[in-house]
Amino acid sequence: MMTRRRWIADEWNETTAALTGEQAAHLIRVLRAEPGMEFDMVAGGRLFRAVLTECANDIARFELLQEMEADGALPITLLLSVFKFDRMEWAIEKATELGVERIVPVVASRTEKHLALASAKRVERWRRIAREAAQQSRRSDVPAIEDAQPLKTALKREQAGAKLLLSESEESVMLSAALREESTREGRALQMAFGPEGGWTQQEASLFEAESWKSVSLGPRILRAETAAIAATAIAGAFYNEAAH
Ligand code: SAM
């Protein structure tokens, strides 16, 4: 069976959807789509089979034909301390492909000053990367990318589920063991936090401890933050996917 190309609608209501701007231009001018062609369309987090009804200059309109079953995101939130932007973007793209639900960029003590300052403006770009990666990996939703925020703020807001602090200095508890213990297999929500290139400070480690986060390890090697984020997400994803099948 040929898989239909999947789009994430810019505008929608109960029966129709539309792509605008760059997405519409790509569909019409690059892919040369014509009315009558069918696509998968994600509208408001729901997945539909849709038919293209009208191509104007910068808008493509669709009729929503039938709702289809969609795979939900993994109930995983990543607290990613802001690190070098090219690597940060890579982490966001890959975490999106792997299915995370939410990413919270955190300005950590050892986040380089110029990156911390530029992070507020960078969020729009991160959201665009997540959206493109979601579409490309045929997700039916786009992970939420929150505004960059200080660790204290992020920790105060993060409540539900298991809370795991990825730490290169943890020697005894492995991530996989903690996941078993925290019953993520039963679909419980999970938050994982990753430090910047220079790691967490002692003070930050205490903040995590005060909020009952548990330190876990990915093994004896020191990984770059983005490697740690992707590896941990893949390991946790395997737990959820196994439980679902
Ligand atoms: N400060 C450290 C150093 O230079 O020795 C390096 C920090 S590491 C580059 C960045 C982040 O990746 C860490 O804060 C941690 O969240 C995660 N990380 C790296 N290696 C890890 C490991 N073996 N286990 C768990 N987390 C790890």
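FYI, side chains are in, hydrogens and waters are out, and symmetry mates aren't considered; it's all heavy atoms of this structure. First listed ligand is number 1; within each ligand, the first listed atom is number 1.
- For atom 2 (C) of ligand 1, the closest non-hydrogen atom of the protein is E168 OE2, 3.3 Å.
- Residue, atom and distance of the protein heavy atom nearest to atom 18 (N) of ligand 1 are A228 CB, 3.7 Å.
- Only the backbone of S167 comes within contact range of ligand 1, with a heavy atom under 4.0 Å; no side-chain atom does.
- Under the 4.0 Å criterion applied to side-chain N and carboxylate O atoms, R46 and D141 are not assigned as salt-bridge partners.
- Checked by distance only, ligand 1 and G195 come closer than 3.5 Å through their nitrogen or oxygen atoms.
- Salt bridge E226/K94: absent, no basic N to carboxylate O contact under 4.0 Å.
- When each atom of ligand 1 is checked for a heavy atom of G199 under 4.0 Å away, the hits are 1 (N), 7 (C), 14 (O).
- Using a 4.0 Å cut-off between a side-chain N of Lys or Arg and a carboxylate O of Asp or Glu, R110 and E197 do not qualify as a salt bridge.
- At a 3.5 angstrom cut-off on N or O pairs, R221 counts as close to ligand 1.
- Any N or O atom pair closer than 3.5 Å counts here, and I222 shares no such pair with ligand 1.
- Here W200 and F208 bring their ring centres to under 6.0 angstrom of each other.
- For a threshold of 3.5 Å applied to N or O pairs, the pair formed by L218 and ligand 1 contains at least one separation below that value.
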Trace of the side chain to side chain contact (heavy atoms under 4.5 Å, CB included) decision for R180 with F239: CA-CA 8 Å; R180 260 192 299 277; F239 269 71; 3.7 Å; yes
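- If you check which protein heavy atom lies closest to atom 15 (C) of ligand 1, you get L166 O, 3.2 Å.
- Checking only distances, P196 never comes within under 3.5 Å of ligand 1, N or O to N or O.
- Close approach to F194 involves these atoms of ligand 1, each under 4.0 Å from a residue heavy atom: 16 (O).
- Within the listing of ligand 1, atoms 25 (C) sit less than 4.0 angstrom from a heavy atom of V216.
- Under a 4.0 Å heavy-atom criterion, L175 is not in contact with ligand 1.
- Salt-bridge annotation for D10 and R131: present, with a side-chain N of the basic residue lying under 4.0 Å from a carboxylate O of the acidic one.
- With a 4.0 Å heavy-atom cut-off, ligand 1 is reached by the backbone of E197 but not by any atom from C-beta on.
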Side chain to side chain donor-acceptor pair (under 3.5 Å) between T15 and E63, intermediate numbers included: CA-CA 6 Å; T15 54; E63 187 187 332; over 6 Å; no
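- Under 4.0 Å is where a charged nitrogen must lie from a carboxylate oxygen, and between E181 and K214 at least one such pair does.
- Looking at atom 19 (C) of ligand 1, its nearest protein heavy atom turns out to be L223 O, 3.1 Å.
- The protein non-hydrogen atom at the shortest distance from atom 1 (N) of ligand 1 is G198 O, 3.1 Å.
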